[in-house]
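Both ligands and their constituent atoms are indexed starting at 1 by order of listing. If you're wondering where the values come from, they're calculated on a predicted model, not measured in any experiment.
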Amino acid sequence: MANSFHPPVRTLMGPGPSDVNPRVLEAMSRPTIGHLDPAFIGLMDELKALMQYAFKTENRLTLPISAPGSAGMEACFVNLVEPGDKVIVCQNGVFGGRMKENVERCGGQAIMVQDDWGRAVSLEKVEQALLENKDAKVLAFVHAETSTGALSDAQKLCKLAQAHNCLTIVDAVTSLGGVEVDVDGWGIDAIYSGTQKCLSCTPGLSPVSFSEKAVHAISNRKSKVQSWFLDMNLVMGYWGEGAKRAYHHTAPINALYCLHEALVILEEEGLERAWARHAMNHQALAAGIEAMGLSFVVPSTERLPQLNAVSVPEGVDEALVRKSLLDNYSLEIGAGLGALAGKVWRIGLMGFAANSKNVLMCLGALEATLSHIGADIKKGVAVEAAQAQYLSE
Ligand SMILES: *Cc1c(COP(=O)(O)O)cnc(C)c1O
């Protein structure tokens with residue numbers, strides 16, 4: 001007979017999931033009620049307002065997809081891309097490749113704009129692609145590329161798309177809550193995020209939002225959305241305005257309590273303060289990493305504060321270091337993905353995990369581990385460099 005599962009207590013500083021705020025975990029254990037219960041409908045209305053706050057939008061079609069970030073991605077593509085549509089897809093890491101896969105599975109044609117892994121999406125290349133493909137319907141890009149730690153200029157990319165009469169699909173899974181995201185200010189048409197990165201909520205939900213232009217495109221499709229579950233025309237019947245809600249699927253009630261709590265916490269802190277906290281902790285971590293003699297993959301002007309890709313020094317077994325951090329410090333950091341597999345560690349500073357205690361502990365643990373295996377690093381300087389950075393703030 002199996003026993004109850006009691007997970008070890010970890011510090012999660014990888015690419016997600018991130019540490020979940022105890023308030024969010026407590027919300028999960030509140031009593032389950034019916035998904036059409038008037039009290040639950042009230043929660044749904046509040047959730048929508050909170051997501052609109054987080055996304056900085058007044059979009060009516062703003063809701064959480066009942067599945068992880070990947071389903072939010074799929075929801076955007078299956079609703080906006082019809083067979084034969086041309087989509088310009090920017091790829092500078094793993095997730096742009098998944099966008100291409102989505103476009104093609106929708107019967108669309110993906111025009112790829114490739115950039116080096118570890119660099120932001122090139123505005124010049126995107127403009128060129130828009131000029132060469134006047135019939136493109138959508139420009140899709142990843143705002144915060146979690147596989148490399150690169151931040152792209154979403155505002156300028158959206159401006160280019162608008163100048164060429166293209167809709168935009170933006171992956172904000174890792175950016176939301178960690179760096180500025182301004183859906184209405186930047187004119188984003190479709191955006192998806194995830195709960196388990198900078199929102200520090202339990203994994204498994206994907207907040208999405210669609211502009212009026214996107215809604216118009218969705219309601220005027222020539223063909224039915226091929227996914228029944230993700231068809232926004234149907235999901236709207238449940239998440240739409242007012243008390244008239246039709247059953248579509250059973251909402252993950254308790255998971256939605258968690259998202260509500262996570263967004264209440266974000267609103268209490270304030271978006272700008274949350275972004276500033278991520279930036280400050282990143283600066284301290286970076287000071288320590290560089291003092292040790294380690295280097296970043298991404299140039300400093302294109303770096304994400306919440307995801308730090310650090311090059312593995314020559315001759316160091318990267319997996320052994322991660323295992324030792326987990327075994328000895330209960331600290332999780334991430335491995336490289338795709339083209340960067342085996343070459344980098346990915347240190348996340350996401351949401352609740354972005355704090356000075358974690359930064360100092362991670363630097364100390366990494367230094368002790370590298371030093372133990374005889375790696376060529378500067379010893380005894382990382383924690384001090386990070387502390388000096390905090391004191392200078
Ligand atoms: C994590 C992530 C996803 C996928 O989210 P899941 O919740 O794992 O499905 C998509 N895009 C980016 C940029 C991510 O970091």
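Nearest protein heavy-atom neighbour of atom 11 (N) of ligand 1: D171 OD2, 2.7 Å. For atom 4 (C) of ligand 1, the closest heavy atom belonging to the protein is S70 OG, 3.6 Å. Closest protein heavy atom to atom 15 (O) of ligand 1: T146 OG1, 2.3 Å. Closest protein heavy atom to atom 3 (C) of ligand 1: F95 CE2, 3.5 Å.
To the nearest 0.5 Å, the span separating CD on Q114 from NZ on K100 amounts to 8.5 Å.
Residue contact check: T174 has heavy atoms under 4.0 Å from atoms 15 (O) of ligand 1. Atoms of ligand 1 found under 4.0 Å from any heavy atom of G69 (numbered from 1 in listed order, with element): 5 (O), 6 (P), 7 (O), 9 (O).
Counting heavy atoms under 4.0 Å from ligand 1, residue A144 touches it through the backbone alone.
Of the charged side-chain nitrogens involved, at least one lies within less than 4.0 Å of a carboxylate oxygen, so that E261 and R23 count as a salt-bridged pair. Salt-bridge formation is not detected for the pair K378/E367: no Lys NZ or Arg NE/NH1/NH2 atom is positioned less than 4.0 Å from an Asp or Glu carboxylate oxygen.
Side-chain polar atoms of Q128 and E132 form a donor-acceptor pair below 3.5 angstrom.
Residue nearest to atom 8 (O) of ligand 1, selected from M350, K197, Q196, E74: Q196 (by heavy-atom distance).
Each of S200, S206, C201 was checked for a side-chain contact (heavy atoms from CB on, under 4.5 Å) with T195, and the lone residue meeting it is C201.
Ring pair F296/H282 is perpendicular by interplanar angle, where above 60° counts as perpendicular and below 30° as parallel.
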